[in-house]
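Inspection log for the structure reproduced underneath, given as structure tokens.
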Amino acid sequence: EDGVWVLCDPDRRKLLGERLVASAMERTAEVDDRTEATLCLAVIGPAAQKIAMAVAGEDVIGIPYLGFEANEQTDALLCRLGYTGEFEFRFIAARERASELRALLLGAGAEHGLEIGEASDLPLLMLEMRSLSQREYIPEGTSPIQAGLHWMIDFRKENYPGHDAMHAQKANPGCKALMLQLETVTPPVGD
């Protein structure tokens with residue numbers, strides 16, 4: 001009833017909004033970009049659930065993966081993700097509460113060694129789960145199966161475009177994409 005929250009890369013929010021409105025078909029849909037009014041703080045790692053529980057209460061255990069829940073203790077919308085292979089909780093709140101919420105999370109995470117990271121670090125952390133956040137990490141012409149994203153496809157679903165093609169590729173994927181992390185600042189040279 002209250003709508004849907006979509007967390008996305010800031011550079012892609014306009015295009016995503018246009019696509020969401022277009023996909024609504026005959027239903028009425030509006031997109032309200034809350035980027036300027038809200039902030040999103042993420043706690044990621046093996047202690048993320050303990051930290052989230054310390055700040056938001058034990059109810060965080062009941063939030064399903066990819067679920068959102070209003071949390072009264074933090075006056076924030078709490079989202080459970082896990083794009084890195086670790087627990088991940090995101091706190092979405094009014095931007096004017098940034099300092100207060102950040103201090104609360106850092107205080108609760110101090111005994112676990114919680115530190116402030118940069119959003120630019122996420123793609124590296126996401127390699128473990130192959131949760132590729134941006135299309136440029138997948139070579140042109142690579143299918144989801146070749147990119148190792150088969151776990152994101154519900155093969156039991158019968159009525160979706162590409163059903164037959166995905167099942168055929170699952171049986172015979174051809175080549176597969178390989179991701180490497182290089183320990184150098186010099187880009188590799190190749191043909």
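Note that these values count all heavy atoms, side chains included, but never hydrogens, waters or copies made by symmetry.
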List the steps, then state whether side chain to side chain contact (heavy atoms under 4.5 Å, CB included) holds for F68 with I92. CA-CA 10 Å; F68 287 82; I92 303 167; 3.9 Å; yes

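- Between the R80 side chain and the R90 main chain, no donor and acceptor come within less than 3.5 Å of each other.
- By the 4.5 Å heavy-atom criterion applied to side chains, E88 and I44 are counted as neighbours.
- A76 and R97 make their closest contact through N-NH1, 4.4 Å (heavy atoms, listed as atom of the first residue, atom of the second, distance).
- Pairing each heavy atom of A94 with each of L39, the nearest pair is O-CD2, 3.0 Å.
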Step-by-step side chain to side chain contact (heavy atoms under 4.5 Å, CB included) determination, V43 to F91: CA-CA 8 Å; V43 180; F91 294 80; 4.1 Å; yes

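- Closest of all the heavy-atom pairs between P46 and F87 is O-CD1, 4.4 Å.
- Using a 4.5 Å cut-off on side-chain heavy atoms (C-beta onward), F89 and V55 make no contact.
- Looking at residues two or more places apart in sequence or on another chain, you find no side chain to side chain donor-acceptor pair (under 3.5 Å) involving Q49.
- Note on E100 versus R102: no salt bridge recorded, every NZ/NE/NH1/NH2 to OD/OE distance being 4.0 Å or above.
- For H167, the side chain to side chain donor-acceptor pair (under 3.5 Å) test picks out H163, with sequence neighbours left out.
- To the nearest 0.5 Å, the span separating CG on D59 from CG on L78 amounts to 10.0 Å.
- Between E111 atom CD and I51 atom CD1 the span is 8.5 Å, to the nearest 0.5 Å.
- The two residues K50 and H112 come nearest to each other via the heavy atoms CD-CE1, 3.9 Å.
- The nearest pair of heavy atoms linking Y65 to L81 is CE1-C, 3.6 Å.
- Considering only residues two or more places apart in sequence or on other chains, E72 meets the side-chain contact (heavy atoms from CB on, under 4.5 Å) condition with none of them.
- Checking side-chain atoms of N71 against main-chain N and O of A56 turns up a donor-acceptor pair under 3.5 Å.
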